[in-house]
Structure formats: C-alpha cells, structure tokens
Amino acid sequence: MPAVMTELPKAYEPTLVEEKWQTRWISEGCFHADPHSDKPAYSIVIPPPNVTGVLHMGHVLNNTIQDILARRARQEGKEVLWLPGTDHAGIATQARVEKELAKENPPRTRFDVGREDFVNMVWDWKEKHGGIIINQLKKLGCSCDWERERFTMDDVYAPEVARVFTELFNEGLIYRGHRMVNWDPVLLTALSDEEVIMTPSRSKLYTIRYKLADGSGQLLVSTTRPETIMADVAVAVNPKDPRFAHLIGKTVIRPLCEAEIPIIADEHVEIDFGTGALKITPAHDRTDFEVGMKNHLEIIDILTADGHINCPGCPELHGLDRFVARDKSIELIEAKGLLEKVEDYENNVGISQRSDVPIEPRLSMQWFLKYPCVKEAAEAVANGDIVFRPAHWGKTYAHWLEGIQDWCISRQLWWGHRIPVWYRKEKAAELQAATKLDAEDAAAGDIYVGVNPPSDPENWVQDEDALDTWFSSWLWPFSTMDKECLAKFYPTSDLVTGPDIIFFWVARMIMAGYRFAGGKPFGNVFFTSIVRDLLGRKMSKSLGNSPDPLDLIAKYGADGLRFGLMRISPTGTDVKFDEKQIEEGKNFANKLYNAARFRMMQGAASTEPAPKFTAVHIDILSKLKDLHETVADGLGKYEFNTYTQALYSFFWNEYCSLFLEAVKNDLRDGDPAVKNATLFTMDTVLRHYLALLAPIMPHIAEELWASLGFARDGQPLMSTALPQADALLSGLDTTAISKARATATALYDTANKARNLKAEYNLATNRKVKFVLKPAGVPVDADLASRLALLAGAQSAELNKDYEAPKGTPTALTPLGELFLPLEGLVDVEAERTRITKELEKMAKEISRSQAKLGNASFVDRAPAAVVEQERARLAEWETKTAQLQAMLSALA
RNA sequence: GCACGAGUAGCUCAGUGGUAGAGCGGCUGUCUUACACACAGUUGGUCAGGAGUUCGAAUCUCUUCUCGUGUACCA
C-alpha cells in the first residue's frame, strides 16, 4: 500500500486549502487585468456593496455568478477585468456613525459635532471598518482585480461626480425647485420616489362633520389624517356631483383651528368614494398640492421637519408627534360633536426604505434632474443592444422609463458628494429662497457651479446638501476606469445584479453610459434571483432568518457554499435557501476529494504496454466530451443550474458510480494494458473535469490539480487554458464510439437488473452470488462479464449460451441476454408466486394500455413512425416478459 | 386596478407535444480496502382546479384559485 494513502485524511478539510489558494492567486497576480493585453477583453464591474455592509446571501449568489463568468472567461483565453469596490452609501453610513455618537455619554448628534468634524469622523470610521465586506468577498474566492479596488468617494471618483453635475446643470437638466417631495421625518432628508415603498396598512377612516358657515347644514368629509385638519384650506367636491352643486362657493368651518374655508369644485374628487367631499390640505398631500395650485389656494404647513405639529393656533395639538396628534385630534373633534363615524380601512402608506417610517409629502427646496438619454436607454434594451436575462425584466424597465419623473437628487446629509454649487454671499439668502434656479440664473454670475470651489471662496457659500448616493453609483461602469482601461474594457461585458435595483442603478447606469461614456455600459444584464428563507420571506436582520455566509463558509467551505447555492438557484424565480443544500455542496467536495485520493493511490500511468481501451473507457471519455458541450452551452446561456447539475451528475453518477466501479479490478490485477488504459482514462477525466469545475469550485479544483500532478511548471489551474474537448477520443470514429457507449450502457443496465434480482430475494449487497448469463443482443466477452460481476457485487457472471435453468430460477431479461440467479433451492415458493403474480398484473396493465394506443388508427397513421415503432417495441417487450413470468409461475407449481 | 413571475414527490428544484425526473428526506440492507459527507435497494405525484386544441398535453389556448414581485392609486 503506497505511503500517501495513510497520509491523506479521509475527509476533505476546506478551510486551510481555501486560504492557501486565495493568498497564492493574489500574490501571483492571477486576478490582475492588463489593459495592454492582446487577448480579447472580458469585463465586469461589481455592484459595489455598501461600505457599511457585511456579506449576506444575496452577495454570495451575485458574486459567485460573477466569479464563474470571470474565471471561465480567463480559461477561454480572455483578458479579464473584474473591477471591485464599495459604495459610500450616504444615508446608511452616516446613520452608522450617528449611532455611535448617540451611544456616547453624554450622547451627541452630528449637529453637536459640526459638519467638518463629523465628515472626518465618518472617513475615520470608513478606514477602520469599511473594508470588512471586501475581505469577506476574498474569503468567498472572488477573483476581482483587488489592485483596482475603488470607492465612490475616492479622489478620482469624486471629481467625476461633480463634473457630471456641472455638465447637466449647464445643460439645463439639473435645476433647483420648490416642490412636493418625499420627506423622511426621522432621517430629516428628502428621498427619491424609488426610496419610498408603498405598503398596505391597516388604518382608520374618520368621517367628520364640517359645518356650513351660514348655519344651513353640514358637509361630511372622510379622512385618514385628521391631524392635518388645521392645514385644510378648502373642501372640494366633484363639479358633476348633483348632491353638492348648490354648495359650491359657500364656506364651511374648519373643525380644528377654526376658520372659514371655501367649498370648491375639482374633478379630482371621486363621486363614488366616501362621502364625495374631500378636504384639501396642500401642504401635506401631493394631489391636494396640485388642487391647491390650480385653485390658487393658500398653503398652510403645520408639520415640523421631524414630524411634529406646528400649530400654535391649536394649543392642544401643538408640539405633539404626528401620530399622537392623530388620536388627540379625533378626541377634540368628538368633544365638539363633529365626529360622524370611524371605520377600519386599508390604504397604502409610503414607507421610507431607509428608516422604515411613514414618509411625509413635504414642500421643500430640492435639486432635481431631468434624466438624460431616456430614449437611447429605452431603445437599447428594446432592440436587444443590451440583453436582459431573464428577458421579462425588459418590460418592467420599459414601463418605468415611460412614466419617468424628475429625480430628486439632493439629500439633507453631510456624508456624500456635496452639491458643487456656490452662492454669492450677499445674494445667498435671496437665491436660496427662489422657487426655481437653473442654468439661466447662473448666467448672472451669482451662482457658481463647478468641480473645484470658486477661486475666491471667501465671497461664496456652498449649497448645504449632498447628492443621492445613486447619483454617484450611476457612473460606476466608467468612472472607475482610467483611460487605458476604458479603451480596453468599456463597455463591460456582463452586469450581474438583483432585480430590486433595476431602477435605482441599472436603468440609470444605462442612461449615464449613453450620456457620458459614448455608449452602453454593458452588453448583458443578468438579474439574479432573490434569496428567501424556506417560508418564502425575504432575508432580513429583524426576522433573524438570514444566515451568515461566513458561518456557512466555516462549516461547508466556500466551494461548498458556492456549489450548493448555485445548484438550487433557478433562473428567473427566487431561491428558497435551505442549508441542507449547502451541506450537499460540501458532500460533493468530499466526493471529489476522495475520487482524487483514490487516483493518487494507484501510482503513475504508463504507456507500456500500450493501453487497451474497453467500452467503459470509451464510454466515459465520450460522456466527458458531452460534458464539455453541456457546460459551454449552459454557461453561454447563463443557465448556471444547468451547468452545476451537469457537473454534479457527470462526476457522481457517470464517473464514480458507474465508471470507477466498473474498472476497480483493473487496478488490482489482470491485464497491464487494460490497467494503463484505466489509469490514463482516470487522469484524462480528472484533468478535464477539474478545469470545467474550477469556475464554480475554484479552491478544491486548484488543490486537486496540484496534488494530482497536473500542474505544468508549477502553473496553477487558474492560469491554465481550458483543455480542448476535441482532443478526446480523436483516434476513434463515431461508429466505434457509439458502439462502445451502447455496450457500456447495456452493461450498466444489466448490472442494475442483477442487483435488483439480489434485492428481490433479500440477498445482501455484498453477498457473493454467482450469476449465469445466456448472452443475446449486445455481444458479451469475458472482460464485460467480469465487469458485470464486479458491478453486481457477485462472485462471477458465467457466460453460458446453453444454460438450462432449474425450475423456478429467478431471471431477468437484460440487454446482454437472459440473466439467471440460481438460488440452490433457497427460494420461498409462496413469496415467489406472489411476486410473479404482482409482476404479471403490472404487465397486463401496460399491455392493455399499449394495445389500446396501437389500436387507435389515428395514432398509427398520424404519429411519427419512430414513435409508433417505439410503442410496438415496448409492447413486444412486455409480451415477452409476460410469457417468461408465466413460465416461471408454472415451474413453481 | 394594471403588469410580470410562480404553483410538478414530504422538502428544494429539473422537465416548452410522445411511458412523469434528480437530489435530499422516509423505509430496508451494507463500516464491500476512495468516500457512512458513503454504497445498494425501495417508497413517494389526478403535474393547483376546470374547459378547450390534438391521435397524444406538465408542456399550447382560455378560465378560476393561491402565492410572490413590480407599479399605480380614492380622501
């Protein structure tokens, strides 16, 4: 027994192996992209994770896919750039540091610290803790060019953002305006429409009596927001509503903070909804604002920025939180006898994606962008210049572009790209109060917009706001690259990301690409599934259903995690994450390791004597050739689970369960020429297979590649080209190959039937029985017969064309002929009779089904001949089997 | 409301007109000298329901139901 065998542990231990290769790949520069290379380019930019982020399952899925694509492209001889980096994530990062401040004793806010110092604190935090996710990606094995790691606020990137802002401003696409925006009363900033999630909520619909000022009656008005009544400036009814026509022009008494307000007519009011009368509160509702503008109504704002009531005219409510005030206002109204009724009601409430609280529609001064290149962006996807996978996301994308609204890009934050706009000091107050500012106003020289501050900064004040994080991310595919890189690698080849950021990021990058980089930013977009728990819920920290990928890596290895996840990752629908599946990934790695270990125990292959290949050798090599094709095809179509499944079933089923089991005896004794063929075949399969596997399980593939001695001149598998499938079986014609495959298939099928026979008679797997085969059909030689015995766990499979079986000998019809299992009289006659009877019933059923089908004239006439032929063959088989069973039954009697 | 997905074995998923599949789980055996993270056998399905097209439907059409996602909104 060779020494290696005792040295190698029986189970694969991924941890050390994975670390070793990660270090080596990086130190040898395997991931580094050379923009001067002659090779064709392949590039991906990573969706930059938040700098505050920690790795979650979504990242694992996403980055595993990118790594597969990148590694495969390298094997195919491409120069690969996978560009990594992180996003400054304005709100999340600022909130993170503010949380630290709040924990201090005494607690502080960012306002206590001051803008400049606070921003420095965030930078410090970023330097200290910001790289976590990058290290986690390295642990997953991601083959990013780490020398090119970028950050959306680094020295090169930041000026690009300002440059883009300036350009768009000068073009008139960016303007500052006093408008209704989504206001987050906790984070104290405006948000874009995309950052607001409309959520069905259980609330109450209050119906309130508004008395007519002339005392002639009352008007019933329903609302879900009684706390804003003090800001009502009118009550509106539909002009076509006959019930209220006579009231238009009259006035009602506002029930809180009492005042006379008019009854107006506006078509916006639905006649059928509620009472048909709607309170108009322009300061606190988007559509009310529009109605107010149309009708020249006053705007009364009674909410503070942080969502408290600001209405000294109503001292009972003044200063209360908006939700406390809601209940309180109803109490007050009820006390006045003005409450008609309260109903349970379900409506949609806009929730801030970041702080998880209801947003407030709020009138404020913000910066907006009219999107550039909308038409180009829409056409690129519509005409297939950019390919979306799955394709149906194209519809969602197109729909969003059709109804696109101006993008609110200013945030009341300190962490981020500060808006590169300065106001002349003496005019600052006046300019800030203007209802609209744009390129035309800049012409007067009171506004300065530019990448660098004005040359006389003492005469200017800079805008206080920062830009939406996505206003920098949308430049990611090109602002991360220098000139050389752009020339070689832009546009990028693939983008892999979640569909949840199709508007936030993907759509905007496409527009930015056309506007600023001269063309599309990528050729393909692959939208991954969303990883959910087994109950179908999104993974989230609060639910505690989100496993830590690092724990999973520690438990199952990065390769196991990658493989397990890809194996259950369907295309186009969500993945339900099951840790059991990751365990399968680990088990598979163990299987690979042991198969390689088995090979290592056998010593080197030799060419003396010349290898003698049998059907099973040719069969597996031919299947290996097919695997090359399936892999290329699957990856070409971005069908990652096809790729993974093909790898899995080839190795476990075809190579281990069938081939290895059929050739084990070759390695022990017997014909040295056959032994050489077997060793050669094992080496060939392993060498090709490891290369095909490397994109998804890079560490173990690399490790086994090295320990099996496949590395030439110490070259890692990483920097080795994909072995050519054409070289396999090049000396054989297709007839010989298909003949060998048919023989091998017949052998394996026969082995199955032999094992079934044993199992039926309750003979243990390892019971060394003797089979007798009466050859027919596929030719059988002694070599094949001995492989059959080996596979069936038998002592022998005797070939005897004149065999006369004793009565009642169990038999099976196999592709190699009739197979007998002589039992030496150990059979239980009664049990055997029952078994055969059952079997006969099954046959009868099949036969009648088949006969009915063949008796159907339209089937025989109209179905393809091959199908009919197949059905006839089946029927013949059933009939033969029935005859045999009947013979056996009568033999028993 | 509209749009788009999905519904196949106990679980996770393949399967785009020709006898319903895999892995896991369950149950039986087996520590057979690569692997018990394994091996062998076996048990599981009116393919969500209904109608239609077809010689033939998980697959194509229509419809209903359930779940998910996006989007628009009426207080």
Side-chain angles (χ1 to χ4, degrees), chain A residues 1 5 8 10-12 198 205-207 221-225 235-236 268-281 285 287-288 345 347-348 390 392-397 399-400 403 499-500 502-503 530 532 534 536-538 556 560 567-570 572-578 580-581 583-602 641-642 645 648-649 652-653 656-657 660-661 664 668 752 755-756 758-760 762-768 790 792-793 846 849-850 853 856-864 866-868 870-871 874:
Chain A
M1 198 175 283
M5 187 166 170
L8 284 174
K10 283 175 104 174
Y12 177 58
M198 296 308 281
L205 184 64
Y206 304 95
T207 302
V221 175
S222 294
T223 180
T224 52
R225 302 208 59 191
V235 170
H268 170 72
V269 182
E270 299 268 334
I271 296 174
D272 300 333
F273 186 90
T275 61
L278 169 64
K279 77 190 196 72
I280 300 299
T281 320
D285 185 280
T287 46
D288 286 9
Y345 187 66
N347 65 343
N348 277 334
H392 70 254
W393 288 110
K395 274 200 176 178
T396 307
Y397 170 83
H399 183 245
W400 184 73
D500 49 335
I502 185 170
F503 310 135
I530 289 176
R532 300 176 172 279
L534 281 174
R537 300 175 302 181
K538 261 190 176 176
Y556 306 110
R567 199 152 162 262
I568 55 167
S569 172
T573 47
D574 294 348
V575 199
K576 282 194 194 155
F577 178 78
D578 186 355
K580 199 82 198 152
Q581 302 294 334
E583 196 182 334
E584 287 310 302
K586 180 198 169 152
N587 293 350
F588 184 58
N590 191 56
K591 188 77 179 174
L592 285 163
Y593 168 80
N594 274 293
R597 195 166 66 101
F598 181 56
R599 174 62 192 91
M600 286 175 229
M601 291 173 193
Q602 312 304 332
N641 55 349
T642 304
Q645 285 294 1
Y648 184 92
S649 79
W652 204 304
N653 303 331
C656 291
S657 295
L660 282 186
E661 294 304 328
K664 272 183 176 169
R668 288 171 191 155
N752 272 333
R755 283 193 290 247
N756 287 350
K758 279 173 76 174
E760 271 172 38
N762 284 326
L763 299 166
T765 324
N766 58 352
R767 180 85 170 265
K768 293 292 177 207
L790 178 63
E846 292 290 356
R849 188 194 52 77
S850 193
K853 202 165 178 182
N856 182 342
S858 45
F859 170 71
V860 176
D861 294 346
R862 304 183 59 170
V867 174
V868 176
Q870 196 186 0
E871 191 60 42
R874 256 179 230 140

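Lettering of chains follows the sequences in order, A, B, ..., and the numbering in each one begins at 1.
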Between [atom2] on [N] and [atom1] on [X], what's the gap in Å once rounded to a whole number?
X	N	atom1	atom2	result
A/Tyr397	B/A3	OH	C1'	18 Å
A/Asn587	B/C37	CG	C1'	4 Å
A/Met600	B/C35	CE	C1'	13 Å
A/Phe577	B/C11	CZ	P	19 Å
A/Asp272	B/G1	CG	C1'	15 Å
A/Arg532	B/U69	CZ	C1'	7 Å
A/Arg597	B/A34	CZ	C1'	5 Å
A/Asp578	B/U12	CG	P	8 Å

Kindly point out which of [options] is positioned nearest to the side chain of [X]?
X	options	value
A/Ala759	B/C35, B/G41, B/A38	B/G41
A/Leu534	B/U12, B/C35, B/A34	B/U12
A/Ser657	B/G68, B/C39, B/C74	B/C39
A/Met601	B/A34, B/C74, B/C37	B/A34

Name the pairing partner of [N], where a pair is Watson-Crick or G-U wobble with both distances under 3.5 Å, or state none.
N	answer
B/G7	B/C65
B/U28	B/A40
B/G52	B/C60
B/A14	none
B/U19	none
B/U46	none
B/C35	none

> For B/G44, does the glycosidic angle fall within 90° of 0 (syn) or outside that (anti)?
Replying inline: syn
Look only at the side chain of [X] and the backbone of [Y], and say whether a donor-acceptor pair between them is shorter than 3.5 Å.
X	Y	result
A/Ser657	A/Trp652	yes
A/Lys591	A/Cys656	no
A/Lys758	A/Ala792	yes

>> Going by side chain to side chain contact (heavy atoms under 4.5 Å, CB included), name the residues that satisfy it together with A/Asn590, two or more places apart in sequence or in a different chain.
In response: A/Ala11, A/Tyr12, A/Tyr593, A/Asn594
> Going by the angle between their ring planes, with limits at 30° and 60°, are A/Phe588 and A/Tyr648 parallel, tilted or perpendicular?
Replying inline: tilted
Could you write out each protein N or O paired with an N or O of nucleotides 70-72 of chain B at a distance under 3.5 Å?
unit_1: B/A72; atom_1: N6; unit_2: A/Asn348; atom_2: ND2; d: 3.1

>> Applying a 4.0 Å non-hydrogen cut-off, can you work out what A/Tyr206 is touching in the nucleic acid: base, sugar-phosphate, or nothing?
In response: nothing
> Expressed in whole Å, how much space separates the C1' atoms belonging to B/G17 and B/U61?
Replying inline: 14 Å
> What's the verdict on side-chain contact (heavy atoms from CB on, under 4.5 Å) for A/Arg225 and A/Thr281, showing C-alpha distance, side-chain angles and the deciding distance?
Replying inline: CA-CA 10 Å; A/Arg225 302 208 59 191; A/Thr281 320; over 6 Å; no
[N] phosphate, OP1 or OP2, under 4.0 Å from [X] side-chain N/O:
X	N	value
A/Asn756	B/A40	no
A/Lys591	B/C39	yes
A/Arg755	B/A40	no

> Reading nucleotides 16-28 of chain B from the 5' end, what letters show protein touch, with B for base, S for backbone sugar-phosphate only, - for no heavy atom under 4.0 Å?
Replying inline: --BB---BS----
